[in-house]
Every structure is written in C-alpha cells, then in structure tokens.
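The next block holds one structure in the form of structure tokens; read it before the comments.
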Amino acid sequence: MMLNPRRHVRPPPVLSLPLADQRIDLGDGLVAWRWGEGPRVLLVHGFEGNRAQFSAIVAALVGRGFAAVALDVPAHGESAGDELTAVKFIAAIDRTLARLAPVQAVIGHSLGAAMSLYSVAHTGGANRVALISAPSSLKRELNRFASAVGLSDRGRKAFIASVEAHVGRPAADFDVSRIAGKVDVPLLLVHDQNDRQVPVIESARTAHALPSAELMVTRGLGHNRVLADPLVVRAVVDFVAQETMGNACTM
C-alpha cells in the first residue's frame, strides 16, 4: 500500500486540463507534458496525485509566458512502473531536470515537493523551488501511514524497517535537516492549517531548517484544494517570475 500507488485515484478538486502542446518521453518509460513556450517550470505531483491537479497553475504560468512541464512520476499517469520509492521518485526528477535544463523553477506538491527539494539540493537543477503541502520528514510520513492503518508499536517499527530494507536507504536520509546546508535557492512554502494528510507543522519545520524560505499559511483549503486557490496560484506564479531567465527557452 505504501509503495504501490493506485492509478485510478483522482484527488479533489477534479480539474480539467487542456491538451498538452507536447508529450516528452524521458526514457525508461518516464513521461512529461508541456504547455506553452518560454522559461521552463517543472511541476511534480505527489503519491497518487496527477498532473491535472496543477491545471490552475499551468494556465497561470502559460499566461505569464512560461513553459509549464508536468511530470507523470513513476507508476502514475502514463509513466511506467507499479512501484514508487523515494529513490525512484528522486531519480525521475533528476532525469527530468537534466533533460529540461535550464529550469527556472520547480513547483512540487506533497511528497513530490519533498522529493523535488531533495533533488534540487543535490543537483542544483533549478533557480527557485515552491513547495506546496510538503512533508519535511519521510520517517514521520511512514509513522503517520502506520498509524492510519492501525499498526501497533512493534508493527510500526517492523513496517519502517521493511520499507528501509526494500528501498536500501534509511528514511532519515530524506529529512530536510539532512540537506539544509545544500539548499541555496529561493524557496516558497505553502501549507494549509487544515491539512489532515500532512500537518502544517511540517512546513514550519522546513522553514525553521531553511531560514531563507518564505512561508505562506492558508486556511480552509486542506491538502489538495490549495493547488486551485486563486491567491495561492498567484503567489506561486509571482514567486516563480521574480527572477526570470534572460532568454526564453523552448522545447
């Protein structure tokens, strides 16, 4: 359940997304989609998310002269695979950033935001990063999942050990605290006070670890609807546009 996403899931709000201008085949079954022309902005959804969640942001980016590129992460959308681990997630983002370079910004949601920050911290693949509803600790996410499915303390420990053994990395390796010294790009954090999937304290922890980050807290939007809120969309696109690259880059 933790590593095998359900492809049919459509988190609210269910938004319509216009046909992309280009399908981008990134190799090894990885697929991304482009709308518009201009400096590139990569959009990365979360576990059991999808590119349509970014519909409002895509429209706003294209309207501001950017090329919005939405990645179907492994085992989602039209990308291949049945399993998604942190290692596979980060490798997919690394591959996409390398193909799209130069990239003006990455906008990630939920786990896609956390993995995007990890990728950019190690590759320097983008000028700016916006994190929406992002966890700051993968181990805490595993603990929350264990609680949600009713595992005992013993079961929780066994579950986390099993995931770590399968992935081949300790969950703590993916904590924001481990990469704080490697993040040297402007950051925008957006989180809703009523997020029941990833508590707002997670973005507060990231802001504490990365003092240069700007934190925007909303109310009443939850984990997913925040992506379609007009004020959030405007804030995110304004942040992306603050330092536009000199020459527009087209695919």
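Source: prediction; values computed, not measured.
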Short side-chain to backbone donor-acceptor contact, Asn194 and Gly220, under 3.5 Å: yes

CG-CG distance between Leu30 and Leu71, expressed to the nearest 0.5 angstrom: 5.0 Å

Asp175 and Lys139 ion-paired at < 4.0 Å: no

Donor-acceptor contact present, side-chain Ser79 to main-chain Val31, <3.5 Å: yes

Whether over 12 other heavy atoms sit under 6.0 Å from Asn4 CG: yes

Side-chain donor or acceptor of Asp173 paired with backbone N/O of Arg169 under 3.5 Å: no

Connected via hydrophobic side-chain network under 4.5 Å: Val62 and Leu19: no

Ser133 (side chain) donor-acceptor with His191 (main chain) under 3.5 angstrom: no

Shared hydrophobic cluster, Ile201 / Leu187 (ILVMFWY, side-chain heavy atoms < 4.5 Å): no

Worked check of side-chain hydrogen bond (donor to acceptor under 3.5 Å, both in side chains) between Arg205 and Ser177: CA-CA 9 Å; Arg205 288 187 174 112; Ser177 60; over 6 Å; no

Ionic contact status for Arg225 with Asp192, cut-off 4.0 Å: no

Connected via hydrophobic side-chain network under 4.5 Å: Leu117 and Val198: no

Partner set under side chain to side chain contact (heavy atoms under 4.5 Å, CB included) for Arg154, not counting sequence neighbours: Ser152

Heavy-atom pair of closest approach, residues Ser55 and Ser16: OG-O, 2.6 Å

Verdict with supporting geometry, Val106 and Val41, side chain to side chain contact (heavy atoms under 4.5 Å, CB included): CA-CA 6 Å; Val106 179; Val41 178; over 6 Å; no

Sidechain-backbone polar pair: Arg51 side chain, Asp72 backbone, donor-acceptor under 3.5 Å: no

Donor-acceptor contact below 3.5 Å, side chain Arg40 vs main chain Leu100: yes

Side-chain donor/acceptor of Thr96 to backbone N/O of Ala92, under 3.5 Å: yes

Pair Ser136-Arg140, side-chain hydrogen bond (donor to acceptor under 3.5 Å, both in side chains): steps then yes or no: CA-CA 8 Å; Ser136 64; Arg140 276 194 295 273; 2.8 Å; yes

Distance-minimising heavy-atom pair for Pro74 and Leu84: O-CD1, 3.8 Å

Ser110 side chain vs Gly112 backbone, donor-acceptor pair below 3.5 Å: no

ILVMFWY network linking Val149 to Leu111, side-chain heavy atoms under 4.5 angstrom: yes

Between Gln242 and Arg128, a side-chain donor and acceptor under 3.5 Å: yes

NZ/NE/NH1/NH2 to OD/OE distance under 4.0 Å, Arg23 and Asp25: yes

Polar side-chain atom of Gln104 near backbone of Val240 as donor-acceptor pair, under 3.5 Å: yes

Approximate separation, where rounding is to 0.5 Å, of Ile90 CD1 and Ser116 OG: 9.5 Å

Pair Phe145 + Phe159: ring centers closer than 6.0 Å: yes

Gln22 side chain to Arg34 backbone, donor-acceptor under 3.5 Å: no

Derivation of the side-chain hydrogen bond (donor to acceptor under 3.5 Å, both in side chains) call for Asp195 and His223: CA-CA 5 Å; Asp195 191 331; His223 187 68; 2.8 Å; yes

His109/Val44 under side chain to side chain contact (heavy atoms under 4.5 Å, CB included): CA gap, chis, key distance, verdict: CA-CA 6 Å; His109 178 241; Val44 184; over 6 Å; no

